[in-house]
2 protein chains.
Amino acid sequence: MFKPTTIKDIAKALNLSTSTVSRALRGGYEISEDTKKIVLEYAEKINFQRNPIALSLRERRSYSIGVVVCEVANQFFSQAIDGIESIAYSKGYHVIISQTHDKYNREVINTEHLANRSVDGLLISLSAETKDYAHLVRLHQQGLPIVFFDRILDSIKTHKVTSNNRDGAFKATEYLIKKGCRRIAHLANASQLSITSERKTGYEDALGKYGIPLDENLVRYCEYGGSNKQEVDEAVKYFLDMRDRPDAIFVASDRLSTGCLAALKKYNAKNNILIAGFSNSDVVELLNPSLSAVRQPAFEMGRKAAEMLISLIESKYPVEEFETAILETTFHENT
Amino acid sequence: MFKPTTIKDIAKALNLSTSTVSRALRGGYEISEDTKKIVLEYAEKINFQRNPIALSLRERRSYSIGVVVCEVANQFFSQAIDGIESIAYSKGYHVIISQTHDKYNREVINTEHLANRSVDGLLISLSAETKDYAHLVRLHQQGLPIVFFDRILDSIKTHKVTSNNRDGAFKATEYLIKKGCRRIAHLANASQLSITSERKTGYEDALGKYGIPLDENLVRYCEYGGSNKQEVDEAVKYFLDMRDRPDAIFVASDRLSTGCLAALKKYNAKNNILIAGFSNSDVVELLNPSLSAVRQPAFEMGRKAAEMLISLIESKYPVEEFETAILETTFHENT
DNA sequence: GTGAAAGCGCTAACAT
DNA sequence: ATGTTAGCGCTTTCAC
């Protein structure tokens, strides 16, 4: 059995009391330099580590933060997680990642589980399926610090981090227009997501600026956020089968973008339709059909969100003023 | 402050002792149906959850397993993690993921941290940099259940899961040969990794089978496993600059493969050199230059590894017999 | 400066 | 069937 040494073992070995050892270990000043030295050296020698679980129980905090994302196999989220970790580690926190796979059920289970005193705070990007927010409202009311990022929620008052989705979508759509496209379809994410409406607005604004009327028939929503390959395939097929086929597609997300390209390839339509969309893939410039991409500052978003969460966790007084950070996207043409 | 209800609160509210409540909650049979019902209903009503930290402290186990991988932003590992989670959740375990970014230091820190009684066992794929295994040996000796997957370690006696790297490499190399290539370079991973030598052997075997002599000048190792973009770039450049330029490259890993394609594109060499390599990317068929790929059964590997680890954790008696599972790869031509 | 004791939330003997 | 108690590993009053 795996049985690590405890403070008690050290006390016994050194003929001291556990409290003395404890104090020495955490460098309390009310301890003689001699004993402190002895303890520290011994602890070092046997590679002693305080039991974090006992510590958590006692201090009623775990020095860990929970991260809930739909999927880790997604460049945007894995980059965001790297950002989160970079801050968390530097401030002595652990990061516990959990995936929803865009399922509402998993989101509820995961947040509950994480919340129940095993994390000090929660960083969450909503699942595509989530329409009921009661699980989050309750945790938030109970006082669990929560920060939303990317797929945020208006109704809960807390810190939030997003990218400038409207502007990103605008840039992508405008790019397509400037390339001469006029019938620009929009392959959108689940309709209830914050990012979906923001990106749609950017799309509309760009069309408006160039006097192209919005045609709702050219907009398809993927309610499973692309987790369902078939859903994307059908949406693309729908576009391709239109009597008046679109000459471009603006795609709202990473998952959707790759799904869209795969469908275009499958239907052999890759040459007569231009694609631009959100993607943080690191192989975006190697794709064929090519994908001009709106890239979100995922790493920075993760950093920012983690900073906000930790400030919430460590705040001595209840925080009343909340901030929504909006980071800028960049656009990369690929041909 | 986030202050969840405790068993004590329930006891007080219901005028019972904490032990009765505890027993009712875990369905001990030595409790009257009436009280059990009352307690359960009340707990349900207030959405009570036992404090997992207190539980861990008491039971000396956390019902969580630690996963150490180099990077989550890697299709192979994220698929493997999905497999791990599928098993872990079904058996009531949590999964704590930590990334080494292929740094030895981070591997040491992360494993220590996870091990120290906050996980019941460890699933690990070694970092590219790791040459010293003392940190793992120590934990293993102390009795922490460890299962290696993908990048395994011979010297520690425990369960292991890999794919048939030799055969995968053989298939890829043979494919290139059958395509008419004769000067086949090999872009390899860090030389100390198990997968590196296994894949190199497959490469050599294929060359041997077709009577092509092995030329060590055609083999380049990437000691940072491709984490260092420049390293890959230089290796590819080295191949391209050879007086007798290779007509194909067999690439040993996902990260390396995309880095290799990027370099080929950069140096405008994508048309006269054929690439085959290990990759679990889900966009592999969309890549240009194209990448014919050896795909590992990542999800299955994760499942298998998790099953092995949990059986180790839950074994009543010390396990002495260990198994190394070797799963088969598949090869996918892309042109 | 150091030790004894209580308590964080929970469970499992050990009473009754 | 239920209550009392001790203890998981740690920190922190409170004594001395």
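We name chains A, B, ... by the order of the sequence lines, and we start the count at 1 in each one.
Using a cut-off of 4.0 Å between Lys/Arg side-chain N and Asp/Glu carboxylate O, B:Lys36 and B:Glu41 are scored as not salt-bridged.
Here the P atom of nucleotide D:dC8 and the CG atom of B:Asn51 are 18 Å apart, to the nearest Å. When rounded to the nearest whole Å, the span between CZ of B:Arg60 and P of D:dC10 equals 12 Å. Remark: P of D:dT12 and CD1 of A:Ile7 are 11 Å apart, rounded to the nearest angstrom. Distance A:Asp9 CG to D:dC8 C1': 13 Å, rounded to the nearest Å. Between the C1' atom of D:dG9 and the CG atom of A:Leu25 lies a distance of 12 Å, rounded to the nearest Å. Rounded to an integer number of Å, the gap from CD of A:Glu59 to P of D:dG9 is 17 Å. For A:Arg26 and D:dT12, the CZ to C1' distance is 9 Å, given to the nearest whole Å. When the P atom of D:dG9 is taken as reference, atom NZ of A:Lys12 falls 11 Å away, rounded to whole Å.
Put simply, the side chain of A:Leu25 reaches to within 4.5 Å of the side chain of A:Leu40, judged on heavy atoms. Contact check for B:Glu85 versus B:Ile81: side-chain heavy atoms found under the 4.5 Å cut-off.
A 6.0 Å sphere centred on OH of A:Tyr224 holds no more than 12 heavy atoms belonging to other residues, nucleotides or ligands.
By the side chain to side chain donor-acceptor pair (under 3.5 Å) test, B:Asp150 is found to be paired with no residue, residues two or more places apart in sequence or in another chain being considered.
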Identify the pairs formed between an N or O of the protein and an N or O of nucleotides 1-3 of chain D at a distance under 3.5 Å, and give each distance.
from  : atom 1 : to      : atom 2 : distance (Å)
D:dT2 : OP1    : B:Thr35 : OG1    : 3.4
D:dT2 : OP2    : B:Ser32 : N      : 3.1
D:dT2 : OP2    : B:Ser32 : OG     : 3.2
D:dT2 : OP2    : B:Thr35 : OG1    : 2.5
D:dG3 : OP2    : B:Ser17 : N      : 2.8
D:dG3 : OP2    : B:Ser17 : OG     : 3.2
D:dG3 : OP2    : B:Thr20 : OG1    : 2.6
D:dG3 : N7     : B:Arg23 : NH2    : 2.8
D:dG3 : O6     : B:Arg23 : NH1    : 3.1
D:dG3 : O6     : B:Arg23 : NH2    : 3.0

Carefully, step by step, assess A:Leu122 and A:Val147 under the rule side-chain contact (heavy atoms from CB on, under 4.5 Å).
CA-CA 6 Å; A:Leu122 216 51; A:Val147 169; over 6 Å; no
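Residue contacts shown for B:Arg58 include a base, since a base heavy atom lies under 4.0 Å away.
Contact annotation: B:Lys8 side-chain N/O to C:dC8 OP1/OP2 distance is under 4.0 Å.
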